[in-house]
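If you read the sequence from its start, that first residue is 1, and numbering goes on from there. Just follow the structure's listing: the first ligand is 1, and inside any ligand the first atom is 1.
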Amino acid sequence: MDRSRRLMERAQAVIPGGVNSPVRAFRAVGGHPPFIARAERNHIYDVDGFAYVDLVSSWGAIIAGHANRKVVEAAAEAAIRGSTYGAPTEGEVALAETIVARVPSIEQVRLVSSGTEATLHAIRLARAATGRDLIVKIDGCYHGAHDSLLVGAGSGVATFGIPGSPGVPAPLAGLTLVVPFNDAQAMADVFAVHGDAIAAVILEPIAGNMGCIPPQPGYLEAVRSITQRYGSLLIFDEVMTGFRVAPGGAQALYGVTPDLTCLGKVVGGGFPLAAFGGRADLMQRLAPVGPVYQGGTLSGNPVAVAAGRATLEQLDGMAYLALEAAGQAIEEALLPACAYHGLSFSRVGSMFTLFFRPDAPRNFAEAKESDTALFATYFQAALSGGVYLPCSQFEASFFSMTLQGDDLEDAIDGLCAALVAID
Ligand code: PLP
């Protein structure tokens, strides 16, 4: 880890904390992060020559395996034709058509460059469409690093125990109401008081930023019906779950259709691309058709679009079967050790979290009862054994459809060995 350590020292002099996104700094688990030199299929390789089975997958962005040949070729061919034109392209239309065909709620879609942008613009659109200002978000859900949603956020914000963020004006933070996940009564209660002023509820249908926490049966349906009753919009943030848990995302898996959906990560095939879309009557309010402004120099970037299309083309029925089979294998292998150590395991398809508490949490308050010190020990043991996990209890693990055979066995062996190490 010598080169990584030296790079971290250099980085800290010129980049705050040495990283370009806080969670990468390993503050929650101690030590310093390996600097990555390259990645291929299920492995990442650091600058010191160590190989790791990758269970982070760039926080869920990679699903077809690292350096997937079809994705790389599509991106390279696009780049050779010019990296950006700031003008419409055929590829954008084709990608939008694929998104509309697969995601039940999306009749029209706009491409943007990050999940943060997607949720920011979905919120603005919801406020404009309803003429209301209040937003309801879920405690522990993370929707990106913008002002309206950096309240009660999970992910890196939770990892560092920051309740909101300095720099977010109090009057703006005050427009965001926070309720617990999986609590339909709390949602009904907040609507009973503020319903007529609530523009939208935004949530991750499967929470991934407090660790992986699936919705309880009936929860999403209840939120859908409450929002409809009060004329508020429902926004599913499927930046993590879109195209990962099913071809149509979590909304297809659970059969609940929101008004607007945010996508990111998988849709860009590992490149900076995200999207938001939904009912045509709402999306038609965006400029240049309507008055709600939204735009971006690199939106629909041709290289990212090519990578996204090449990824989605590979996500057929077989791919989802492979993802589920690998998830099941990991779950079956870990369950006995979880029972022995008093831990719990939570999974939907290819996203999962091992929680250092006896029962799988249903919300962020319960997730925070996990033994994060023990998690750190487990994390370091896994890393030493060649398995790269998310460096926080409050992040989900992700793997690719290529995780099969020896690589899958190595992942399972490494995780089981790390659990032995926490004894
Ligand atoms: N929404 C969810 C559910 C996320 O998990 C994330 C990032 O992890 C975002 C939004 C923000 O996406 P980005 O980091 O691309 O801005």
Q. With the threshold set at 4.0 Å, does a side-chain nitrogen-carboxylate oxygen contact exist between Arg347 and Glu324?
A.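 Answer for the salt bridge query: yes.
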Q. Counting distance only, does the side-chain N/O of His143 pair as donor-acceptor with the main-chain N or O of Thr119 below 3.5 Å?
A.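 Pair absent, no side-chain N/O of His143 close to backbone of Thr119.
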Q) Hey, does the side chain of Asp237 reach the backbone of Glu204 with a donor-acceptor pair shorter than 3.5 angstrom? A)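 Between the backbone of Glu204 and the side chain of Asp237 there is no qualifying donor-acceptor contact (under 3.5 Å).
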Q: Flag His143 as yes when one of its N or O atoms lies below 3.5 Å from any N or O atom of ligand 1, and as no otherwise.
A: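 N/O-N/O distance below 3.5 Å does not exist for this pair.
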Q) Given Thr241, Thr116, Asn209, which has its nearest heavy atom closest to atom 5 (O) of ligand 1? A) Asn209
Q | Closest to atom 15 (O) of ligand 1 (judged by heavy-atom distance), picking from Pro272, Gly264, Gly115 | A |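 Shortest heavy-atom distance from atom 15 (O) of ligand 1: Gly115.
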If the cut-off is 4.0 Å to any non-hydrogen atom of [X], which atoms of ligand 1 fall inside it?
X      : answer
Asp237 : 1 (N), 2 (C), 3 (C), 10 (C)
Glu204 : 3 (C)
Ser114 : 15 (O), 16 (O)
Gly144 : 9 (C), 10 (C), 11 (C)
Met240 : 5 (O)

Q: Could you tell me whether Phe181 and Phe364 have their ring centroids closer than 6.0 angstrom?
A: no
Q) Does a donor on one side chain and an acceptor on the other come within less than 3.5 Å for Thr241 and Glu238? A) yes
Q. Which bit of Tyr142 gets closer than 4.0 Å to ligand 1, counting heavy atoms only: side chain, backbone, both or neither?
A. both
(Q) Listing request: all salt bridge (Lys or Arg N to Asp or Glu O under 4.0 Å) pairs with a residue in residues 99-122, at least two apart in sequence or in separate chains. (A)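 Non-adjacent pairs meeting salt bridge (Lys or Arg N to Asp or Glu O under 4.0 Å): zero.
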Result block: side-chain N/O donor-acceptor pairs under 3.5 angstrom for residues 260-269, not counting sequence neighbours:
unit_1 : atom_1 : unit_2 : atom_2 : d
Thr261 : OG1    : Ser105 : OG     : 2.6
Thr261 : OG1    : Gln251 : NE2    : 3.0
Lys265 : NZ     : Trp59  : O      : 3.0

(Q) Less than 4.0 Å is my threshold; does some heavy atom of Lys265 fall inside it relative to ligand 1? (A)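 True for this residue.
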